[in-house]
Protein chains: 2
Amino acid sequence: MRIQQLENFIVLAEELHFGKAAERLHMQQPPLSRQIKALEDELGVLLFKRNNRKVELTEEGVFFLQEAKAVTTRLTVAQHTLKAMGNGEAGTLRIGFVDSSITERFVTAMGRFKEQYPNVIIELEEKVSVEQLAAIEEGSLHIGFIRTHLVETHELPHIDVISEPYIVALAKDHPLAGQETVSVYDLAKEPLIFFPHRKNPGIYNWVLNGFSQYGLVPKFGFEVVMDQAAEMFVAGGFGYTLLPSTSCRMGRRGLTYKRVKEPFLNLRISMAWSQAHECPLVKNFIEVFTQQADS
Amino acid sequence: MRIQQLENFIVLAEELHFGKAAERLHMQQPPLSRQIKALEDELGVLLFKRNNRKVELTEEGVFFLQEAKAVTTRLTVAQHTLKAMGNGEAGTLRIGFVDSSITERFVTAMGRFKEQYPNVIIELEEKVSVEQLAAIEEGSLHIGFIRTHLVETHELPHIDVISEPYIVALAKDHPLAGQETVSVYDLAKEPLIFFPHRKNPGIYNWVLNGFSQYGLVPKFGFEVVMDQAAEMFVAGGFGYTLLPSTSCRMGRRGLTYKRVKEPFLNLRISMAWSQAHECPLVKNFIEVFTQQADS
DNA sequence: AAGAATGATGCGATTTAGGTATTATTATGC
DNA sequence: GCATAATAATACCTAAATCGCATCATTCTT
């Protein structure tokens, strides 16, 4: 059975006249007669009652007409959707992100994209950078918002989106709070209030690394899971903590925030994708994302 | 596009291996490769990523797979339904009936049929006999329960289902109530409580006819629309009324029922259909209807 | 580096579809 | 009542599409 047969059957059911239907279909009457007969033979039923003078649908024909219409329209819609997918106007875009990548820019970019491409489904999933990296290279993730140094070493195409120093949060009456900036050497002597290794090994190790650049090891104090809890301990004078600078715009009462004197920890996030798996969806997303940056 | 291409595409999407898919499809690998390529060309997208070593669906392929499955299964179901319709096990059976044809036998036959052929839709419509007759001969009604004398004059195939004399309902203290049977000649002198002509012209004229056989004309008393109202007037001694004998099995208090002495009015209803439009549905219904009569 | 696995390509044979001419049948008009 | 017009079916031919076989090209494995 060919789709064309279904389409021709539908036209004939509308015209109820082989000659006129054949004309509409840009073909001759005899092939149409044969085609309908072949369809009837294949289905094992008569679709039309025809007595050389009048053509009308049988009960079976009425039923099959509705089925044929359903099938052909579904296929036509599918073809249009496929075309839209080819233009990156339909489909599913899978985007990964790390906790700290969620900025206003990130959110508004999502909104803009959804507005411009309403038929694209966006699947967002939080994953640590290395996992995203693997998923991108495997092709199961289109785009990842991940730590910049990783995409640099993996040589993935990317756009940098965040670059902000980690800063020190201290109690206002802390001995170090009097200085404009704080030295890592001084920090290493104070207890660090930080989350446990298991919560985010990447950041944890990265912080350790920041200290070891200067031959230092931080002196760990309390380990707390939530940021708010950490700030409470800091305010209570039990030590200091480290935060991305944007995380503390509205400062907490009793705390003060100081930059580190030496080059220390700089949180850098990039939007990365795979050259190999680059598709129209990705291209369109990048375009929307960068356009927004301009405006 | 052929349906077979969609089916082959589905198999290949399951196997993800041209050789194995071709084997399952009882064909050689080269034609399958070409067929898939032709499908891709027609759709304008690649359905599979294939690098001489691995075959996997593209995003478009995943989407089209779901559409192809939907389309092919719908067509398969449609073909099964068509086959069922050929056996009279699916479709729509249109049955007409007149008011007085609704008996217990009629109702239980409907139930039995619906039980035996659950996929057949029964469309019941009440219509006077002549209209049903026209609809049957035109083919828009499969079966009609109509007045027997009409099907006899039109020579339609039919099965008689009701034959019952009309009888006379009288008040117990009515002068004619003392006799075993009542004569039409006596009846013609008494007032007849009957429904108005507009309610059922067929029966009304038929009753007039019954009297005119004997050169008589009934003497009309009250015209009432509902049967119960007629019985009340009769019980009150305002005259007599005429009823099909089964309509008064459980007699009303204060009334008595008498047969007419002479051959008078005999209500005969038949189930009729058209030889020309006889289809499996009709055959099956007749079979169920007569089977029930036996049991 | 050689061989096995696997999808693509070339070619000839068969099947299938479409076009033209014609036939058969039925309704309509004089 | 017969001739004609209308219309779907059939016959026959040509063109196109499909299939199977043989082969090629590429890539992974050992």
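Computed over heavy atoms, backbone and side chain alike; hydrogens, waters and symmetry mates excluded. The sequence lines fix the lettering, A, B, ..., with proteins before strands; numbering per chain opens at 1.
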* Can you figure out which of D:dA9, D:dC21, D:dT18 approaches the side chain of B:Gln28 most closely? => D:dC21
* **Separation of atom CZ in A:Arg34 from atom P in D:dA11, rounded to whole Å** => 11 Å
* Give the nucleotide from the list C:dT9, C:dG7, D:dG20 with an atom nearest to the side chain of B:His17. => C:dG7
* Counting just side-chain N and O atoms, does B:Arg2 come under 4.0 Å of either OP1 or OP2 of D:dT18? -> yes
* Structure fact -> B:Ile36 atom CD1 is separated from D:dC19 atom P, nearest whole Å, by 11 Å
* Asked: Take atom NZ in B:Lys199; do more than 12 heavy atoms of anything else shown fall under 6.0 Å from it?
  -> yes
* Check the surroundings of atom NZ in A:Lys83: do more than 12 heavy atoms from other residues, nucleotides or ligands lie under 6.0 Å from it? => no
* Please state how far atom NZ in A:Lys54 lies from atom P in D:dA9, giving the value in whole angstrom units. => 16 Å
* Asked: Base, sugar-phosphate, or nothing: which does B:Gln5 touch, judged by heavy atoms less than 4.0 Å apart?
  -> nothing
* Asked: Which residue, B:Lys20 or B:Lys37, contacts DNA chain C at a nucleotide closer to its 5' end, judged by nearest heavy atom?
  -> B:Lys20
* **Nearest-angstrom distance from the residue atom NZ of B:Lys49 to C1' of C:dT6** => 19 Å
* To do: Rounded to the nearest angstrom, tell me the gap between atom NE2 in B:His26 and atom C1' in D:dG20.
  => 16 Å
* B:Leu16 has an atom CG; how far is it from atom P of C:dA5, in whole Å? -> 19 Å
* Nearest-Å distance, CD (B:Glu23) to C1' (C:dG7)? -> 16 Å
* Asked: Does B:Ser33 make a side-chain N or O approach to OP1 or OP2 of C:dA8 shorter than 4.0 Å?
  -> yes
* Atom-pair distance (CD on A:Glu15; P on D:dT7), nearest Å -> 12 Å
* Asked: Contact class for A:Gln29 vs. all strands (heavy atom < 4.0 Å): base, sugar-phosphate, or nothing?
  -> base
* Only one of B:His17, B:Lys49, B:Glu15, B:Arg50 forms a side chain to side chain contact (heavy atoms under 4.5 Å, CB included) with B:Val55, so which one is it? -> B:Arg50
* **Side chain of A:Pro31 - closest among C:dG18, D:dC19, D:dA8** => C:dG18
* To do: Answer yes or no: are there more than 12 heavy-atom neighbours, outside B:His80 itself, under 6.0 Å from its atom NE2?
  => no
Under 3.5 Å, side-chain donor or acceptor atoms of residues 88-100 of chain B against the rest of the protein: list the pairs with distances, not counting sequence neighbours.
from, atom 1, to, atom 2, distance (Å)
B:Arg94, NE, B:Ser140, O, 2.8
B:Arg94, NH2, A:Glu59, OE2, 3.1

* Take A:Pro30 and A:Asn8, find for each the nucleotide of DNA chain C with the closest heavy atom, and name the residue whose nucleotide sits nearer the 5' end. => A:Asn8
